[in-house]
Trainee: 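Quick one: the structure is below, and I'll ask about it shortly.
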Amino acid sequence: REILGMCTAWSTLARRSGRRKGLRASNRAFFRSSLPVYSDKRRIPTWSSRGSSCPRAARGSPAGSSGGGASGLMAAYAAAKNGNAVLLIEKNEKLGKKIYITGKWRCNLTNDTSPDGFFANVVRGGKFLRGAVYAFSPRDTMEFFSSHGLMLKTERGNRVFPASDHASDVTKTLEKACREAGAEIHLGETAERLCIQSVMSDIGIMSRITGVRTDRAEYECDEAIVCTGGLSYPSTGSTGDGYRFAKEAGHSVVEARPS
(Lines give C-alpha, C1' and ligand atoms only; values in the text may rest on other atoms or scores of the structure.)
Protein backbone atom coordinates (compact mmCIF):
# COMPACT_ATOMS: atom_id res chain seq x y z
CA ARG A 1 0.00 0.00 0.00
CA GLU A 2 2.86 2.35 0.74
CA ILE A 3 4.38 1.73 -2.68
CA LEU A 4 0.97 2.24 -4.32
CA GLY A 5 0.81 5.58 -2.59
CA MET A 6 4.32 6.29 -3.80
CA CYS A 7 3.23 5.63 -7.38
CA THR A 8 0.22 7.91 -6.93
CA ALA A 9 2.34 10.70 -5.48
CA TRP A 10 4.92 10.38 -8.24
CA SER A 11 2.47 10.26 -11.14
CA THR A 12 0.41 13.18 -9.83
CA LEU A 13 3.46 15.41 -9.55
CA ALA A 14 4.91 14.12 -12.80
CA ARG A 15 1.72 14.98 -14.68
CA ARG A 16 1.59 18.41 -13.06
CA SER A 17 5.21 19.01 -13.98
CA GLY A 18 4.66 17.81 -17.51
CA ARG A 19 1.89 20.31 -18.01
CA ARG A 20 3.59 23.27 -16.37
CA LYS A 21 7.27 22.43 -16.44
CA GLY A 22 7.35 22.71 -12.67
CA LEU A 23 4.90 24.20 -10.22
CA ARG A 24 4.15 27.85 -10.87
CA ALA A 25 4.60 30.43 -8.17
CA SER A 26 0.84 30.93 -8.21
CA ASN A 27 0.29 27.21 -7.54
CA ARG A 28 2.70 26.38 -4.77
CA ALA A 29 2.36 23.01 -3.08
CA PHE A 30 2.86 22.29 0.59
CA PHE A 31 4.51 19.14 1.85
CA ARG A 32 4.63 18.40 5.53
CA SER A 33 8.22 17.32 5.05
CA SER A 34 9.68 20.13 2.99
CA LEU A 35 8.66 23.70 3.64
CA PRO A 36 10.41 26.83 4.79
CA VAL A 37 10.36 27.14 8.52
CA TYR A 38 8.89 30.39 9.78
CA SER A 39 8.63 30.45 13.57
CA ASP A 40 9.00 32.84 16.47
CA LYS A 41 12.62 31.90 16.94
CA ARG A 42 14.09 31.49 13.48
CA ARG A 43 13.44 31.86 9.81
CA ILE A 44 14.87 29.51 7.22
CA PRO A 45 14.95 31.33 3.85
CA THR A 46 13.74 28.43 1.75
CA TRP A 47 10.70 29.98 0.10
CA SER A 48 7.72 32.15 0.81
CA SER A 49 4.06 32.49 -0.05
CA ARG A 50 2.62 35.42 -2.00
CA GLY A 51 2.37 38.52 0.14
CA SER A 52 4.49 36.95 2.86
CA SER A 53 7.33 38.64 4.67
CA CYS A 54 9.39 35.46 4.42
CA PRO A 55 12.38 35.56 2.04
CA ARG A 56 11.69 34.25 -1.43
CA ALA A 57 13.05 30.93 -2.57
CA ALA A 58 16.41 30.80 -4.22
CA ARG A 59 15.09 28.26 -6.70
CA GLY A 60 11.74 27.14 -8.02
CA SER A 61 8.42 27.30 -6.19
CA PRO A 62 7.79 26.15 -2.63
CA ALA A 63 6.66 22.56 -2.19
CA GLY A 64 6.04 20.37 0.83
CA SER A 65 5.15 16.77 1.73
CA SER A 66 3.02 15.86 4.71
CA GLY A 67 4.39 12.63 6.13
CA GLY A 68 7.66 10.79 5.71
CA GLY A 69 6.45 7.40 4.55
CA ALA A 70 6.92 5.98 1.06
CA SER A 71 4.32 8.35 -0.43
CA GLY A 72 5.63 11.46 1.30
CA LEU A 73 9.24 10.66 0.46
CA MET A 74 8.47 10.07 -3.21
CA ALA A 75 6.31 13.20 -3.39
CA ALA A 76 9.07 15.28 -1.81
CA TYR A 77 11.64 13.80 -4.20
CA ALA A 78 9.47 14.48 -7.27
CA ALA A 79 8.77 18.06 -6.20
CA ALA A 80 12.43 18.78 -5.46
CA LYS A 81 13.54 17.08 -8.68
CA ASN A 82 11.22 19.40 -10.59
CA GLY A 83 13.10 22.41 -9.23
CA ASN A 84 10.98 23.26 -6.19
CA ALA A 85 12.26 24.14 -2.74
CA VAL A 86 10.98 21.34 -0.52
CA LEU A 87 10.67 20.66 3.19
CA LEU A 88 9.51 17.24 4.41
CA ILE A 89 7.97 17.08 7.90
CA GLU A 90 7.58 13.75 9.69
CA LYS A 91 6.13 13.39 13.18
CA ASN A 92 8.04 10.21 13.99
CA GLU A 93 11.68 10.10 15.05
CA LYS A 94 12.61 8.39 11.78
CA LEU A 95 11.34 8.12 8.22
CA GLY A 96 9.46 5.21 6.69
CA LYS A 97 8.33 3.56 9.89
CA LYS A 98 5.81 1.34 8.07
CA ILE A 99 8.38 0.45 5.42
CA TYR A 100 10.54 -1.15 8.11
CA ILE A 101 7.90 -3.73 9.01
CA THR A 102 6.70 -4.68 5.52
CA GLY A 103 7.57 -8.04 3.99
CA LYS A 104 8.73 -9.42 7.36
CA TRP A 105 11.18 -6.52 7.68
CA ARG A 106 12.49 -7.11 4.13
CA CYS A 107 10.05 -4.84 2.20
CA ASN A 108 8.44 -6.41 -0.85
CA LEU A 109 8.68 -3.06 -2.64
CA THR A 110 6.90 -4.14 -5.83
CA ASN A 111 6.30 -7.10 -8.13
CA ASP A 112 8.13 -7.63 -11.40
CA THR A 113 5.05 -7.62 -13.59
CA SER A 114 3.19 -5.47 -16.08
CA PRO A 115 0.50 -3.00 -15.01
CA ASP A 116 -2.13 -5.47 -16.25
CA GLY A 117 -0.54 -8.24 -14.20
CA PHE A 118 -0.55 -5.92 -11.22
CA PHE A 119 -4.26 -5.08 -11.55
CA ALA A 120 -5.13 -8.77 -11.86
CA ASN A 121 -4.22 -9.03 -8.17
CA VAL A 122 -5.92 -5.87 -6.92
CA VAL A 123 -9.03 -6.87 -4.95
CA ARG A 124 -10.82 -3.52 -5.21
CA GLY A 125 -10.02 0.08 -6.01
CA GLY A 126 -8.22 -0.75 -9.24
CA LYS A 127 -9.96 1.97 -11.21
CA PHE A 128 -8.71 4.61 -8.78
CA LEU A 129 -5.12 3.34 -9.10
CA ARG A 130 -5.07 2.84 -12.86
CA GLY A 131 -3.74 6.25 -13.88
CA ALA A 132 -1.00 6.19 -11.26
CA VAL A 133 0.22 2.66 -11.98
CA TYR A 134 0.30 3.16 -15.75
CA ALA A 135 2.18 6.45 -15.28
CA PHE A 136 4.69 4.87 -12.86
CA SER A 137 4.67 1.11 -13.37
CA PRO A 138 6.26 -1.67 -11.28
CA ARG A 139 9.15 -1.63 -13.76
CA ASP A 140 9.53 2.13 -13.25
CA THR A 141 9.63 1.50 -9.50
CA MET A 142 12.44 -1.03 -9.94
CA GLU A 143 14.38 1.32 -12.21
CA PHE A 144 13.98 4.17 -9.74
CA PHE A 145 15.52 2.23 -6.86
CA SER A 146 18.24 0.69 -9.03
CA SER A 147 19.22 4.10 -10.39
CA HIS A 148 19.65 5.35 -6.82
CA GLY A 149 21.99 2.54 -5.86
CA LEU A 150 19.71 -0.09 -4.32
CA MET A 151 20.42 -3.62 -5.55
CA LEU A 152 17.23 -5.66 -6.04
CA LYS A 153 16.33 -9.33 -6.34
CA THR A 154 13.20 -11.12 -7.54
CA GLU A 155 11.83 -14.13 -5.67
CA ARG A 156 8.93 -16.54 -6.27
CA GLY A 157 5.72 -14.90 -7.31
CA ASN A 158 7.76 -12.12 -8.96
CA ARG A 159 8.14 -10.39 -5.59
CA VAL A 160 10.92 -7.78 -5.58
CA PHE A 161 13.06 -7.23 -2.46
CA PRO A 162 16.26 -5.34 -1.71
CA ALA A 163 19.17 -7.72 -2.25
CA SER A 164 20.29 -7.03 1.32
CA ASP A 165 16.96 -8.31 2.73
CA HIS A 166 16.79 -5.15 4.85
CA ALA A 167 13.70 -2.95 4.55
CA SER A 168 15.73 -0.12 6.07
CA ASP A 169 17.76 0.06 2.84
CA VAL A 170 14.58 1.01 0.95
CA THR A 171 13.97 3.90 3.35
CA LYS A 172 17.60 4.98 3.18
CA THR A 173 17.45 5.00 -0.62
CA LEU A 174 14.32 7.18 -0.63
CA GLU A 175 15.85 9.56 1.92
CA LYS A 176 19.09 9.76 -0.07
CA ALA A 177 17.15 10.54 -3.27
CA CYS A 178 15.24 13.32 -1.50
CA ARG A 179 18.33 14.94 -0.03
CA GLU A 180 20.26 14.71 -3.31
CA ALA A 181 17.33 16.39 -5.08
CA GLY A 182 17.55 19.22 -2.55
CA ALA A 183 14.69 18.43 -0.16
CA GLU A 184 15.06 19.36 3.48
CA ILE A 185 13.74 16.93 6.11
CA HIS A 186 12.40 17.62 9.60
CA LEU A 187 11.78 14.72 11.99
CA GLY A 188 9.81 14.71 15.22
CA GLU A 189 7.47 17.51 14.10
CA THR A 190 3.69 17.09 14.00
CA ALA A 191 1.31 18.86 11.61
CA GLU A 192 -1.66 19.93 13.72
CA ARG A 193 -3.98 21.75 11.34
CA LEU A 194 -4.39 23.42 7.98
CA CYS A 195 -4.65 27.20 7.86
CA ILE A 196 -7.60 28.04 5.59
CA GLN A 197 -8.80 31.48 4.53
CA SER A 198 -11.83 32.69 2.56
CA VAL A 199 -10.85 34.76 -0.50
CA MET A 200 -12.70 36.45 -3.35
CA SER A 201 -12.19 34.87 -6.76
CA ASP A 202 -13.68 35.27 -10.24
CA ILE A 203 -16.43 32.83 -9.31
CA GLY A 204 -17.16 34.17 -5.84
CA ILE A 205 -15.89 33.52 -2.33
CA MET A 206 -13.68 30.45 -2.09
CA SER A 207 -11.54 28.89 0.60
CA ARG A 208 -7.84 28.38 0.07
CA ILE A 209 -5.03 26.98 2.14
CA THR A 210 -2.62 29.63 3.37
CA GLY A 211 -0.43 27.48 5.58
CA VAL A 212 0.01 24.53 7.91
CA ARG A 213 0.57 24.79 11.65
CA THR A 214 2.75 22.23 13.39
CA ASP A 215 3.72 21.83 17.03
CA ARG A 216 6.81 23.95 16.30
CA ALA A 217 5.93 26.55 13.70
CA GLU A 218 3.53 27.74 11.04
CA TYR A 219 4.43 27.17 7.39
CA GLU A 220 2.97 29.45 4.73
CA CYS A 221 1.79 27.85 1.50
CA ASP A 222 -0.92 28.03 -1.15
CA GLU A 223 -1.62 24.30 -1.54
CA ALA A 224 -1.24 21.25 0.69
CA ILE A 225 -0.30 17.73 -0.35
CA VAL A 226 -0.99 15.35 2.52
CA CYS A 227 0.73 11.94 2.69
CA THR A 228 -0.12 10.95 6.25
CA GLY A 229 -1.39 7.42 5.67
CA GLY A 230 -4.75 6.10 6.83
CA LEU A 231 -5.75 4.37 10.05
CA SER A 232 -4.06 1.05 9.39
CA TYR A 233 -1.28 1.10 11.98
CA PRO A 234 -1.50 3.91 14.58
CA SER A 235 1.76 2.94 16.31
CA THR A 236 3.63 3.81 13.10
CA GLY A 237 2.01 7.24 12.88
CA SER A 238 -1.05 6.40 10.74
CA THR A 239 -3.58 7.92 13.12
CA GLY A 240 -6.04 9.38 10.60
CA ASP A 241 -4.61 12.91 10.48
CA GLY A 242 -5.21 13.09 6.75
CA TYR A 243 -8.94 12.50 7.15
CA ARG A 244 -9.12 15.35 9.65
CA PHE A 245 -7.16 17.67 7.34
CA ALA A 246 -9.50 16.78 4.46
CA LYS A 247 -12.56 17.64 6.56
CA GLU A 248 -10.98 20.95 7.58
CA ALA A 249 -10.51 21.74 3.90
CA GLY A 250 -14.20 21.11 3.20
CA HIS A 251 -13.99 17.60 1.74
CA SER A 252 -16.55 14.96 2.65
CA VAL A 253 -14.95 11.81 4.05
CA VAL A 254 -16.56 8.37 3.90
CA GLU A 255 -16.22 5.96 6.80
CA ALA A 256 -12.83 4.22 6.75
CA ARG A 257 -12.82 0.43 6.45
CA PRO A 258 -10.11 -2.25 6.00
CA SER A 259 -9.00 -2.84 2.43
Side-chain angles (χ1 to χ4, degrees), residues 1-3 5-6 9 28-49 54-55 57 62-80 84-102 105 107 166-195 209-221 223-246 248-249:
R1 295 172 190 161
E2 285 286 340
I3 299 304
M6 187 179 71
R28 297 185 178 89
F30 167 84
F31 287 81
R32 175 194 196 170
S33 312
S34 55
L35 287 178
V37 175
Y38 186 41
S39 67
D40 295 337
K41 294 184 178 180
R42 64 191 181 119
R43 179 186 300 173
I44 298 177
T46 309
W47 56 268
S48 66
S49 181
C54 297
S65 175
S66 177
S71 300
L73 284 163
M74 181 58 89
Y77 165 78
N84 301 286
V86 175
L87 170 65
L88 180 97
I89 301 174
E90 165 58 45
K91 67 180 177 181
N92 288 312
E93 76 284 357
K94 64 181 180 180
L95 298 167
K97 215 164 183 181
K98 243 198 305 314
I99 296 175
Y100 283 97
I101 59 177
T102 59
W105 296 278
C107 188
H166 294 305
S168 59
D169 288 338
V170 174
T171 303
K172 290 174 183 176
T173 301
L174 287 167
E175 179 181 3
K176 176 173 173 281
C178 282
R179 293 190 185 278
E180 288 181 345
E184 185 179 346
I185 297 173
H186 286 191
L187 299 177
E189 184 170 357
T190 302
E192 296 179 337
R193 67 179 180 86
L194 301 176
C195 301
I209 292 172
T210 59
V212 176
R213 176 166 286 282
T214 73
D215 57 350
R216 297 185 187 178
E218 184 169 317
Y219 303 88
E220 295 182 346
C221 59
E223 296 182 27
I225 300 178
V226 179
C227 302
T228 55
L231 284 166
S232 59
Y233 212 134
S235 63
T236 65
S238 296
T239 55
D241 294 342
Y243 299 127
R244 177 166 55 83
F245 296 154
E248 291 175 0

Trainee: Are the side chain of T214 and the backbone N or O of A191 linked by a donor-acceptor pair below 3.5 Å?
Mentor: no

Trainee: Report the C-alpha separation of L174 and I99 in whole Å, then their side-chain angles, then the decisive distance to 0.1 Å, and conclude whether the side chain to side chain contact (heavy atoms under 4.5 Å, CB included) test is met.
Mentor: CA-CA 11 Å; L174 287 167; I99 296 175; 4.0 Å; yes

Trainee: List for me each residue that meets side-chain contact (heavy atoms from CB on, under 4.5 Å) alongside E248, sequence neighbours excluded, and say none if there are none.
Mentor: R193, L194, I196, R244, F245

Trainee: Can you list the residues that meet the side-chain contact (heavy atoms from CB on, under 4.5 Å) rule with K94, with sequence neighbours excluded?
Mentor: K97, Y100

Trainee: Applying side chain to side chain contact (heavy atoms under 4.5 Å, CB included), run through K176 and K172 and close with a yes or a no.
Mentor: CA-CA 6 Å; K176 176 173 173 281; K172 290 174 183 176; over 6 Å; no

Trainee: Rounded to the nearest 0.5 Å, how far apart are NE2 of H166 and CH2 of W105?
Mentor: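 Rounded to the nearest 0.5 Å, the NE2-CH2 separation comes out at 13.5 Å.
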
Trainee: Looking at every heavy atom in both G229 and S238, which two are closest together, and how far apart are they?
Mentor: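 Closest heavy-atom pair between G229 and S238: CA-OG, 4.2 Å.
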
Trainee: Could you tell me the separation between the CG atom of L73 and the CZ atom of R179, rounded to the nearest 0.5 Å?
Mentor: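 Reported value, rounded in 0.5 Å steps: 10.0 Å.
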
Trainee: Return the SG to CD distance between C195 and E218, rounded to the nearest 0.5 Å.
Mentor: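 One gets 3.5 Å once the value is rounded to the nearest 0.5 Å.
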
Trainee: Got a second to check how far N92's CG is from S235's OG, nearest 0.5 Å?
Mentor: 9.0 Å

Trainee: If every non-hydrogen atom of C227 is compared with every non-hydrogen atom of A75, which pair is closest and at what distance?
Mentor: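 Smallest heavy-atom distance, with atoms named: SG-CB, 4.2 Å.
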
Trainee: Please identify each residue that fulfils side chain to side chain donor-acceptor pair (under 3.5 Å) with E192, with sequence neighbours left out.
Mentor: none

Trainee: For A76 and C178, work out which heavy atoms get closest and say how close.
Mentor: CB-SG, 4.1 Å

Trainee: Quick one: does N84's side chain have a donor or acceptor within less than 3.5 Å of a partner on A79's backbone?
Mentor: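 Answer holds: yes.
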
Trainee: Nearest 0.5 angstrom please: K98 NZ to C107 SG, how far?
Mentor: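 Reported to 0.5 Å precision, the distance equals 12.0 Å.
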
Trainee: Of all residues at least two apart in sequence or in a different chain, which pass the side chain to side chain donor-acceptor pair (under 3.5 Å) check with T239?
Mentor: K91, D241

Trainee: Heavy atoms, side chains only, cut-off 4.5 Å: are E90 and I185 in contact?
Mentor: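 No, side chains not in contact.
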
Trainee: Measuring from atom CG of L187 to atom CD of E93, what distance do you get when rounded to the nearest 0.5 angstrom?
Mentor: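 Going from CG on L187 over to CD on E93, the span is 8.5 Å.
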
